Amino acid sequence: MRVLVTGGAGFIGSHVVEALAARGHQPVVLDGLLPTAHHGPAPSPPAVGEWVHGDVRDREAVARALMGVRAVCHQAAMVGLGKDFADAPDYVSCNDLGTAVLLAAMAEAAVDRLVLAGSMVVYGEGRYDCPAHGPVRPGPRAERDLAAGRFEPRCPTCGADLAPGLVAEDAPADPRNVYATTKLTQEHLAASWARATGGRAVSLRYHNVYGPRMPRDTPYAGVASLFRSALARGEAPRVFEDGGQRRDFVHVRDVAAANVLALEALDDRAPAGLTSYNTGSGDPRTVGGMAAALAAAHGGPAPVVTGEYRLGDVRHITADSARLRADLGWRPEVGFADGMTEFATSGLRGA
C-alpha cells in the first residue's frame, strides 16, 4: 500500500517509515524539517520511500505528496510544552491548521484512511481514587502548592491523599496546556473529516515515547531526551518536582509497530469514524526512576532532584492500553531496562 507519512523525517515518523517498508508498504515522506523538530543540521532524506520536502500547511505540497496514496500516517506536529505561552500561535498553526489542510486535501483526493499521532496529554491528569469519594478528577495544581513542594493532587471534595490509577479511552478530555489542546483539536478535526467523508481514522494516544533519534537540546523535546542530552554533555539530569511523577515510557519501535497495525486494520471492513487507542508500555515508572536508570546505563552522573516545576505539567498520567492489545493484537516488545540501555548510547538528532 502506498502510504503518506507526514513528519516522516522526524523522530517517530522515521521509525514509522521503516516499519511500513519492512511490511512491504510504499512510504511517501512529507516533512518541512522545522527547526523545533530538527535541532542542528537538517537530516538527510529517508533511506527508504519517496521524499517530498514541504510543510503540512502548504496545500500544494500536501496535494503533491498525496498523489497515488491510499492512506496517511499523520505524525507531523510541534510537540512538548515549549518555552512559554508565546509559542501558542505556532502550536495551533503547526498542529491544527496543518491537520485541517491535510484532511481537506485527503477529502479532495478521496484518501479515506488516517492514522493520527495522538497523545495521552488530552486527558490532563490521570485517574485518581479517593478512599472516601471513589474516582475523582482534581483540578489544575495551584502554583502556591507547587512552590511549597506540595506536588500531589488532593481530593477536590475532602482534601485527602489520592491513589493514581490507569485512565481508559472513555475518560473525559481535560487538556491542561496549549500542546494538549491542539492534540485534542486534531482528534476533533479527524472525527469531523470521517463523518463528512465516510473516512476511517485511528488516533494512537502515545505515552512518553523514547528511543534512538530523539532531538537533542531543545525545549520541545520530551523529558527522556532532555536527560539523555544532559548525560551526553557530562552533566547530571535535572529532575523537576520530587521525581515522583508517574509516566509510561514506551519505545519508539513499539509505537511504529502500532501505527502499522492500525493502518492495516483500516480496511474496507472497518467502520467509518474515529477510534482512539491508548498506546503505552503498560509498565509505569516515575520520572526520577527513569532518570536514574538512564544515568546508570550511560555511566554518567546521578540525577539531581531540583524541586523546580512547570505549571503546564500534570502529576501522574498513565493509561490503560488494553483496548489496543485486544482490538489490534499489539504487544510492546522492548522492555524498560533494555530500552533504557539502548537509549543511553544511541544517537540523538542534532548530536
Side-chain angles (χ1 to χ4, degrees), residues 78-88 91 119-133 135-167 171-184 205-210 217-230 235-249 280 284-295 302-319:
M78 188 172 175
V79 302
L81 279 181
K83 292 176 288 188
D84 52 43
F85 198 81
D87 285 327
Y91 274 102
S119 176
M120 52 80 191
V121 296
V122 301
Y123 298 118
E125 288 283 355
R127 176 192 170 100
Y128 292 88
D129 290 292
C130 171
H133 298 98
V136 296
R137 294 187 58 80
R141 295 179 294 171
E143 185 168 12
R144 63 179 178 275
D145 289 334
L146 297 173
R150 295 188 294 268
F151 302 121
E152 293 289 343
R154 300 279 182 164
C155 175
T157 301
C158 68
D161 292 339
L162 299 174
L166 301 179
V167 61
D174 186 16
R176 299 286 176 91
N177 55 57
V178 172
Y179 170 62
T181 301
T182 65
K183 295 306 289 184
L184 182 59
R205 291 175 174 171
Y206 300 159
H207 279 260
N208 291 69
V209 186
Y210 74 97
D217 293 332
T218 166
Y220 304 97
V223 65
S225 176
L226 298 177
F227 292 165
R228 175 67 177 80
S229 296
E235 301 172 3
R238 295 177 59 82
V239 179
F240 280 16
E241 302 187 15
D242 60 0
Q245 311 94 301
R246 284 164 52 90
R247 298 291 189 271
D248 184 323
F249 298 97
R285 303 279 176 152
T286 65
V287 171
M290 184 274 286
L294 187 60
V304 175
V305 178
T306 68
E308 296 173 85
Y309 59 87
R310 299 187 301 181
L311 280 178
D313 280 337
V314 298
R315 179 62 174 174
H316 305 296
I317 176 63
T318 55

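This structure is a prediction, so every number in the text was calculated from the model and none was measured.
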Side-chain touch [X]/[Y], heavy atoms, less than 4.5 angstrom:
X      : Y      : value
Arg228 : Leu294 : yes
Val223 : Met290 : yes
Arg154 : Asp161 : yes
Val287 : Arg247 : yes
Ile317 : Val167 : yes
Arg137 : Pro156 : no

If you compare all heavy atoms of [X] against all heavy atoms of [Y], which two are closest, and at what distance to 0.1 Å?
X      : Y      : value
Ala291 : Pro237 : CB-CB, 4.4 Å
Val122 : Ala180 : CG1-O, 4.2 Å
Val136 : Cys130 : CG1-CB, 4.2 Å
Thr181 : Pro175 : N-CB, 3.6 Å
Phe227 : Val239 : CZ-CG2, 3.9 Å
Pro284 : Leu166 : CG-CD2, 4.5 Å

Taking only residues two or more places apart in sequence, or in another chain, which ones meet [X] in a side-chain hydrogen bond (donor to acceptor under 3.5 Å, both in side chains)?
X      : answer
Asp313 : Arg310
Thr318 : none
Glu241 : Arg141, Arg315

Is it the case that the side chain of Thr182 and the backbone of Tyr179 share a donor-acceptor pair, with hydrogens and angles ignored and the cut-off at 3.5 Å?
yes
How are the rings of Tyr210 and Phe249 set relative to one another: parallel (under 30°), tilted (30 to 60°) or perpendicular (over 60°)?
perpendicular
To the closest 0.5 Å, what do you measure between [atom1] ([X]) and [atom2] ([Y])?
X      : Y      : atom1 : atom2 : value
Leu146 : Phe240 : CG    : CZ    : 12.0 Å
Tyr309 : Gln245 : OH    : CD    : 14.0 Å
Asn208 : Asp248 : CG    : CG    : 7.5 Å

Could you tell me whether the side chains of Tyr123 and Arg205 share a donor-acceptor contact shorter than 3.5 Å?
yes
Start with the C-alpha distance between Tyr128 and His316, add both sets of side-chain angles, then the distance that settles side chain to side chain contact (heavy atoms under 4.5 Å, CB included), and finish with yes or no.
CA-CA 9 Å; Tyr128 292 88; His316 305 296; 3.4 Å; yes
Heavy atoms from other residues, nucleotides or ligands near CD of Glu308 exceed 12 (cutoff 6.0 Å)
yes
